Amino acid sequence: MKVIDKIREVSKENNGNKVVFSFEFFPPRKQEVVENFFERMERMVAHNPTFCDITWGAGGSTADLTLDIANRMQNKVCVETMMHLTCTNMPVEKIDHALDTIKSNGVQNVLALRGDPPRGQDKFVPVEGGFSCALDLVKHMREKYGDYFGITVAGYPEAHPDVIPASGVATAEAYNNDLAYLKKKVDAGADLIITQLFYDTDCFLKFVNDCRQIGITCPIVPGIMPIKDYRGFVRWTGVCKTKVPPEVMAALEPIKDNEEAIRAYGIHLGTEMCKKIMASGIKTLHLYTLNNEKSALAILMNLGLIEESRVSRSLPCVKEDVLSAPKTKDANQANQNTHGNGN
Ligand code: FAD
């Protein structure tokens with residue numbers, strides 16, 4: 001089922017007040033931990049996320065593994081699955097191979113992305129016979145696969161990092177160009193937007209409002225990344241050029257060497273951000289789990305969206321016939337983290 005249809009259907013519950021949530025995972029680096037990864041995912045899926053997504057390693061580094069995992073998520077874990085797909089190092093034949101594979105496995109949702117430039121390159125240059133941006137990929141998917149796929153695209157509340165100067169914010173012109181381009185992706189056939197991580201909730205809410213002003217009407221799902229450790233937080237916000245509100249930095253500085261305190265603060269901050277987002281009327285939350293269950297589930301429990309003791313579905317429900325996709329050749333190729341960019 002398409003995620004957009006599922007969101008629409010589920011949000012009607014509770015007099016239209018039902019809040020839905022989803023979890024992002026990335027393919028584990030080592031084959032030895034794959035089973036462990038699925039056990040954790042199954043525990044999380046027991047809390048009934050609307051969907052779960054699996055990233056596509058930077059430059060296609062996890063292509064086989066991501067395809068395998070997407071198949072297993074959809075058909076063994078039995079969760080509505082969204083697979084990320086990027087254009088980096090992907091001539092159209094490889095794109096079509098990936099799309100044909102998931103289609104034959106019943107996976108109906110794709111997060112269509114341009115991807116980052118291959119390692120060692122500053123600028124994104126399309127591979128020969130490949131696409132130069134996510135818009136091209138969305139157009140191609142609609143042209144070739146019609147209405148089969150639910151297509152999600154990335155949105156950037158602070159504009160794409162390419163147009164954010166090293167220290168500062170995007171100009172109004174760059175931000176508006178980014179928005180106009182996002183609208184093109186939606187007009188070309190995307191039916192959902194998931195955002196880049198952010199820690200300034202007002203900035204996200206302004207972004208949603210700005211999108212509405214230019215006629216983007218599809219759901220805009222906030223990407224929430226709970227802070228788990230200080231170094232990771234600094235690295236990620238640096239890579240993504242994410243604005244960190246001064247009060248967040250001030251809260252983190254004195255506890256930066258205390259992992260437990262950082263994690264607790266991350267849960268507190270994530271909870272408060274989600275409360276504010278929900279108070280604005282937005283009823284979809286997307287959690288970047290970094291393959292960890294604790295912070296994501298703690299936030300959802302704080303919000304009253306799940307109960308730890310209530311496992312609401314039995315697992316697994318295996319559909320053996322669709323689990324015959326070839327195993328990945330080299331799972332150790334897996335070389336990515338969330339958003340697949342190897343950081
Ligand atoms: P695009 O939407 O193509 O845009 C990139 C930039 O170029 C924007 O500034 C846009 O305005 C500009 N641009 C491009 N084409 C045009 C045009 N025709 N006209 C005007 N402006 C244009 N990376 C991975 O490798 N694997 C993942 O699994 C992954 N998952 C992600 C999930 C989310 C939710 C997000 C937010 C990012 C993810 N990324 C992932 C990172 C992503 O690949 C990078 O941010 C990449 O640099 C841009 O991809 P995009 O699809 O946003 O690009």
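Predicted model only: the values in this text are computed from it and were never measured. Below, all heavy atoms of this structure are taken into account, side chains as well, without hydrogens, waters or symmetry copies. One-based numbering, in listed order, for ligands and for the atoms of each.
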(request) Answer with side chain, backbone, both or neither: which part of Arg114 has a heavy atom less than 4.0 angstrom from an atom of ligand 1? (result) both
(request) Kindly identify the option in Phe131, Tyr181, Phe26 whose heavy atom sits closest to atom 17 (C) of ligand 1. (result) Tyr181
(message) Tell me the nearest of Asp178, Thr88, Asp136 to atom 8 (C) of ligand 1, using heavy-atom distances.
(response) Asp178
(request) Determine the interplanar angle of the Tyr145 and Phe149 rings, folded into 0 to 90°, and report it as parallel if under 30°, tilted if 30 to 60°, perpendicular if over 60°. (result) perpendicular
(request) Could you tell me how the ring of Phe23 sits relative to the ring of Phe25: parallel (under 30°), tilted (30 to 60°) or perpendicular (over 60°)? (result) perpendicular
(message) Does only the side chain of Leu111 get under 4.0 Å from ligand 1, or the backbone, or both, or neither? Count heavy atoms.
(response) side chain
(request) Using a strict 4.0 Å cut-off to heavy atoms of Lys185, name the atoms of ligand 1 that fall inside it. (result) 2 (O), 52 (O)
(request) With heavy atoms of Thr55 as the reference, note each atom of ligand 1 found under 4.0 Å away. (result) 28 (O)
(request) For residues 222-233, pull every pair meeting side-chain hydrogen bond (donor to acceptor under 3.5 Å, both in side chains), keeping only residues two or more places apart or in separate chains. (result) Tyr230-Glu253
(request) Please state which part of Leu113 comes within less than 4.0 Å of ligand 1, counting heavy atoms only: side chain, backbone, both or neither. (result) both
(request) Determine yes or no for a side-chain-to-main-chain donor-acceptor pair under 3.5 angstrom, with Asn105 supplying the side chain and Asn71 the backbone. (result) no
(message) Counting only heavy atoms, tell me which of Tyr156, Trp56, Tyr288 gets closest to atom 50 (P) of ligand 1.
(response) Tyr156
